[in-house]
Amino acid sequence: MWRTRAAAACVICRSLANSSYGIKRKSPLQNLHLVSRSIHHPHYPSSKFQRPPLRISAQLFSSLNRLPLHKTKLLNVKYGYQSHRNFWLARLASRLLKLRYLVLGSAVGGGYTVKKTYDQWKDMMPDLDEYKWIVPDFIWELDEHIDFEKLIKALPDADDLAKLLPDFDKIGESFTSLKGFFSPGSSGETAFRATDQGYDNDKQFKKGLLGELILLQQQIQQHEEEARRAAGQYNMGSSQQKRKVSDKEKIDQLQEELLRTQLKYQRMLERLEKENKELRKLVLQRDDKGIHQRKLKKSLIDMYSEVLDILSDYDASYNTQDHLPRVVVVGDQSAGKTSVLEMIAQARIFPRGSGEMMTRSPVKVTLSEGPHHVALFKDSSREFDLTKEEDLAALRNEIEIRMRNSVKEGCTVSTETISLSVKGPGLQRMVLVDLPGVISTVTSGMAPDTKETIFSISKAYMQNPNAIILCIQDGSVDAERSIVTDLVSQMDPQGKRTIFVLTKVDLAEKNVASPSRIQQIIEGKLFPMKALGYFAVVTGKGNSSESIESIKEYEEEFFQNSKLLKTCMLKAHQVTTKNLSLAVSDCFWKMVRESVEQQADAFKATRFNLETEWKNNYPRLRELDRNELFEKAKNEILDEVISLTQVTPKHWEEILQKTLWERVSTHVIENIYLPAAQTMNSGTFNTTVDIKLKQWTDKQLPNKAVEVAWETLQEEFARFMTEHKGKEHDDIFDKLKQAVKEESIKRHKWNERAEDSLRVIQHNALEDRSISDKQQWDAAIHFMEETLQSRLKDTESVIEDMVGPDWKKRWLYWTGRTKEQNIRNETKNELEKLIKCNEEHAAYLANDEVTTVRKNLEARGITVDPCLIKDTWHQIYRRYFLKTALNHCNLCRRGFYYYQRHFVDSELECNDIVLFWRIQRMLAITANTLRQQLTNTEVRRLEKNVKEVLEDFAEDNDKKVKLLTGKRVQLAEDLKKVREIQEKLEAFIEALHQEK
């Protein structure tokens, strides 16, 4: 193809070279385009090329190159001179071909430019796929259910539709008028701009109704101008005061027409708001049900309220004060604070009383928008449906109970804040704090410091430089009786954050002789305080059973007929709680945006200081707050309780047997063994022992055994709880462990049926007298010897204390005897002589023996009381008896053989050995029984009690604060709080910027 085109091009070049357009002739190559020379004649140097004047040679080449080649015709061209007229057809064809390429090139270039512009415009368009959820699902399915072709055919013609369209020129003029009404400095600008920013993007007005509103607004402006002009003319100099009555009637007529227009405008606005409210409610309900399957974020006001709740519990011990905005509602008692708050919340949520103080503690109310009108407390999950009267009554009762519980004994009001959240369609987003009403006199039944306490609470909230003060003034009483206005003027002398609200305007209009006094109050000329805005509201007729809707209707009806509006003493934007709510919300969010970042920076600095202090004081410890420390201690305590189950049965039985014998040994020796040993023969001895053992088992022994088992369990539990674990031991848990141990033991009760079953087992054990082998016999002798030696040692100690030290101790330790010890020593010597004379003497002295001993001592000049003689004899005889019993034990070591023969033909009697064997066996069986009950039942019940105690302590914050104390705990608590506050503030600020 290229070769064919090249050949054709060469032929054309030669033909053009031979053709003559004038007298001068040039080289053929000079008449060609550079491209032609470079392709067809590569040997021609391109550097010598000079662009010729624009001629058609290149165009001829470029156009003829695409024509079919007819070699015969081209080769027959002669190179001689040809006349000029023979080429007019070629020139015409070349121009036509040139025109075609111009058109084609323009079309191609224009199409490419259009396509590129369209692609750029398409890239600039936002991706609306993510917002597809805005359009309901049924819209995308309309084409499946509706035949649009039939619908188009059924529509009227274009001419008929044009007649139905509105006049856009008039609509433009109306929008211009409406823009001028809302522009700053216009007559429609309120003293306080109050708009709900949350609804700006959601309200959709109907064209017809909006047009009517615009026309009404223009009429209102015209009527206001005419009324002002007529009033100004009427109120001129003395010469003009004698005008005709017709001028005054005209003014009244204009004012009435103005009022009717304003009321009509207000009703249309309310109609639009009602429709908007219903639409938003439907949207919120669909979001709540998850129709679009979107993750709903926490609302902005809820995030802000959480920050305030955390700050209310934060102890500002590091000079980081709470300066976040909130609306503080203050006023005199019974001025209508609570009623205004209820009108803003659109529900009767607060307890009411006639003349008595009902608000006894601050109540923080967070208002937010939601699909359902509900209320709930910060620390409770129960929702109160505010559309149901029974739920409203329950909510009022709950608030009253919380208030009374927060008031300490001997006080009337409390500083503890009750946090309440109210959600509902159309509610303005803000945080309000209702404070106790300011009083001037302390009445009976109140604490003496009630007045000062209320003042201090109010000042504490109003001292916040970013708090919005909602000052409530009762319009039905004299202004001179107001207390709160002076307090507010002290806290905000410039009035930069104060909104004044005059309540009970209906009563004020009836009772006040001069209505201009109300105008002076609303204009800020009567009170010394200053404010951002002044509002007049009506909050009911004084009946606590009125509903919010009836109060709204009464308020609208009153202001429609009020002379205050008709005579222009009050402006339309200064009345009704609706306008007040909008104004307060606007001011609240403005203050939040101005101050929240500064507060976040302050907590950021506090966090840095706390973290630095922790690193310096506790570099190797984790930052565990009080709750985390409690969980750690809880796990340790439960591990220690489980350790009780790891105690071996042998250890339990040894401890139980030893402890039980220590508890009952005195009774056995003094009340059973010694009395029985005084008998003359073995039969009497055994009978006495059986009787006394039976009595002891029936009355005392089972109870003593259970007490011993319970005390043993406590001791083992305490041992595991208090023992140190080396370096891992943390003494910060000691108080908590001690409290848990004491409370668990207090709650634990031993099984009542354990004594009955134990009594039967002990009876059977004591009735058995059969010793089966020599090993048991020797064990009984050993047990008896240990017991008697222990008793003998105790008796020797008692005698030594009675008679004083012997001669060895007196010489070695330089001690002496007292007078009483000398008397007792002489008495002891006389009694020992008596025993030596009669080794089988009875346990008790006869009277004549007492007299003999006393006379012998008196003969030596020692006066002795008979009671002293008997007391000394008891210890002397006890020592003698125990020594004799020990000697008898040695004799009975070889008596097992005689025991098997029932001591027949033997003078040796070892009934006391059998008694101690019976006691020993009873102790072993009782210890085994108690051990089984401990391991199988009581340890598990104790573990259950410990868990219950720990759960109760976990829910009792006061208990945790009391038991987990110290600088380390407090520092970790403050650090956790500051971090949480800072993080929530940063999240709130981010959400706030996104909403902008």
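Counting from 1, the numbers follow the sequence of the chain as shown.
- Of the charged side-chain nitrogens involved, none lies within less than 4.0 Å of a carboxylate oxygen, so that K947 and E951 do not count as a salt-bridged pair.
- Classification of R396 and E389 as a salt-bridged pair holds, one side-chain N sitting under 4.0 Å from a carboxylate O.
- With hydrogens and angles disregarded, a donor-acceptor distance shorter than 3.5 Å links the side chain of S414 to the backbone of S406.
- Taking the six-membered ring where tryptophan is involved, the planes of F384 and F377 are perpendicular, since the angle between them exceeds 60° and thus also 30°.
- For the 3.5 Å distance criterion, the side chains of K364 and S305 qualify, holding a donor opposite an acceptor.
- Distance check, rounded to the nearest 0.5 Å: CG of L427 to OG of S581 gives 8.0 Å.
- Under a 4.0 Å N-O distance rule, the pair E400/R404 qualifies as a salt bridge.
- Atoms NZ and CD1, on K977 and I981 in that order, are 7.0 Å from each other to the nearest 0.5 Å.
- Q970 and D974 form a side-chain donor-acceptor contact under 3.5 Å, judged by distance and modelled atom types alone.
- The CG atom of L470 sits 9.5 Å away from atom OG1 of T498, with the distance rounded to the nearest 0.5 Å.
- Relative orientation of the Y304 and F988 rings is tilted, given thresholds of 30° and 60° on the angle between their planes.
- With respect to R747 and D952, a salt bridge is recorded, a charged nitrogen being found less than 4.0 Å from a carboxylate O.
- Taking a cutoff of 4.0 Å between a charged side-chain nitrogen and a carboxylate oxygen, K976 and E980 do not qualify as a salt bridge.
- Within 6.0 Å of CD in E452 there are more than 12 heavy atoms belonging to other residues, nucleotides or ligands.
- Of the possible polar contacts, none joining the E416 side chain to the V407 backbone as a donor-acceptor pair under 3.5 Å is found.
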